[in-house]
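Following: one structure in structure tokens, then a few remarks.
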Amino acid sequence: SIGKIIAQCRDKGIVVKETDRRKLDKICEGENHQGVAAWAAVHEYSSVEDILKNAESKNEKPFVIICDEIEDPHNLGALIRTAECAGMHGIIIPKRGGAGITPTVSKSSAGAVSILPVARVANIGQTVRWLKEQNVFVYCAQMGGVTPYKQDLTGPLAIVMGSEGRGVSPLVQKLCDGTLSLPMAADCGGVDSFNVSVAAGMLLYEIDRQRALRAEKE
């Protein structure tokens, strides 16, 4: 079976290198490799344009989430998983200042990272400006905003989710068309916010609910 794998690799121009078992044990960190292992990219990034084309191909209004310096890979993975389940068209993350697509993110997403387009951009602020030029309405999730249940969220839409500690950066907040906030109980025992992936899940499903109701009426 290894001979067949080697032949396929050579047909596709993949470099094959023979080594001893100790090297494979180290590469695979104790996992059962059965004598063969491969290095591969965790994820191939899309572009923001690809995400909008994804919406267009489905004849749907863009539904995008922007991660402004989300640092915890488990949060990012959970968010990607929820976004795929909520019917979103893509995720935008920064090249620097936040988690990238790592094995931990991939595992936390339960495989959704291989389905949902993820774009990596150099500047979140410039990306927000560009999306607005494409007639996409951009909201940020931050305290002190409008309750999503009272806002029409059925149009072309992008939601900015901020970092676990600082939230959405002040510059990006200023660029957004509005702010959304989830209501909380009057007495939360000193807890003043939701986990970012949990907050994203609640927002995304409210948006999905509104879109489904509008589609029924149309």
Side-chain angles (χ1 to χ4, degrees), residues 46 48-68 70 75-93 108-110 112-113 115-119 121 124-125 127-164 167-169 172-186 188 191-218:
S46 302
V48 181
E49 290 87 348
D50 289 335
I51 292 174
L52 297 190
K53 288 178 182 176
N54 184 30
E56 184 179 0
S57 69
K58 298 176 180 178
N59 197 28
E60 296 173 348
K61 295 174 183 176
F63 186 11
V64 184
I65 196 159
I66 303 171
C67 300
D68 185 20
I70 291 177
N75 278 336
L76 180 58
L79 199 155
I80 292 171
R81 180 177 182 174
T82 302
E84 170 61 20
C85 292
M88 299 197 72
H89 300 112
I91 297 273
I92 300 171
I93 63 174
S108 298
S109 77
V113 73
I115 305 169
L116 188 70
V118 179
V121 300
I124 293 294
T127 301
V128 169
R129 291 189 184 97
W130 185 83
L131 285 170
K132 291 170 68 173
E133 290 172 359
Q134 312 310 308
N135 298 315
V136 176
F137 205 86
V138 183
Y139 278 103
C140 67
Q142 192 75 2
M143 294 175 65
V146 177
T147 302
Y149 317 131
K150 299 178 180 179
Q151 190 73 30
D152 182 356
L153 302 172
T154 58
L157 188 66
I159 302 291
V160 184
M161 304 300 300
S163 70
E164 293 86 350
V168 180
S169 65
V172 173
Q173 285 187 55
K174 291 179 182 178
L175 293 172
C176 291
D177 296 300
T179 303
L180 298 175
S181 295
L182 291 164
M184 298 182 68
C188 298
V191 178
D192 62 359
S193 64
F194 292 101
N195 170 275
V196 64
S197 62
V198 173
M202 288 188 279
L203 283 170
L204 300 190
Y205 270 89
E206 171 58 18
I207 296 166
D208 186 57
R209 184 191 68 83
Q210 289 190 20
R211 289 186 167 209
L213 286 175
R214 181 163 181 170
E216 288 178 5
K217 293 177 181 179
E218 293 176 350

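These values consider heavy atoms only, across backbone and side chains, with no hydrogens, waters or symmetry-generated copies.
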Rounded at 0.5 Å granularity, tell me how far [atom1] in [X] sits from [atom2] in [Y].
X	Y	atom1	atom2	answer
K61	N135	NZ	CG	12.0 Å
L213	D208	CG	CG	9.5 Å
S46	L52	OG	CG	11.5 Å
I207	D152	CD1	CG	11.0 Å
L180	I159	CG	CD1	5.0 Å
N75	S108	CG	OG	9.0 Å

Of all the heavy-atom pairs spanning [X] and [Y], show the shortest one and how long it is.
X	Y	answer
C67	I91	SG-CG2, 4.0 Å
P117	I51	CB-CG1, 4.0 Å
A83	L204	CA-CD1, 3.8 Å
A86	Y205	N-OH, 3.7 Å
M161	A200	CE-N, 3.7 Å
M88	V64	CE-C, 3.1 Å

With a 4.5 Å cut-off on side-chain heavy atoms, are [Y] and [X] touching?
X	Y	value
T82	S197	no
Y139	P148	no
L182	L203	yes

Quick check against the 3.5 Å criterion: does [X] have a side-chain atom that pairs as donor or acceptor with the backbone of [Y]?
X	Y	answer
Q142	G162	no
S181	G144	yes
D68	S169	yes
S109	V113	yes
Q173	C140	no

Can you name the residues that form a side chain to side chain donor-acceptor pair (under 3.5 Å) with E60, not counting sequence neighbours?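 Per chain and number, E60 pairs via side chain to side chain donor-acceptor pair (under 3.5 Å) with H89.
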All salt bridge (charged side-chain N to carboxylate O under 4.0 Å, His left out) counterparts of [X], not counting sequence neighbours:
X	result
R209	E206
D177	K132
K58	none
E218	R214

Looking at residues at least two apart in the chain, or sitting in another chain, which of them share a side chain to side chain contact (heavy atoms under 4.5 Å, CB included) with T127?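 Counting only residues at least two positions away or on another chain, T127 forms a side chain to side chain contact (heavy atoms under 4.5 Å, CB included) with V48, I92, V121, L131.
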Counting only heavy atoms not in [X], do more than 12 fall under 6.0 Å of its [atom1]?
X	atom1	result
E56	CD	no
R211	CZ	yes
K53	NZ	no

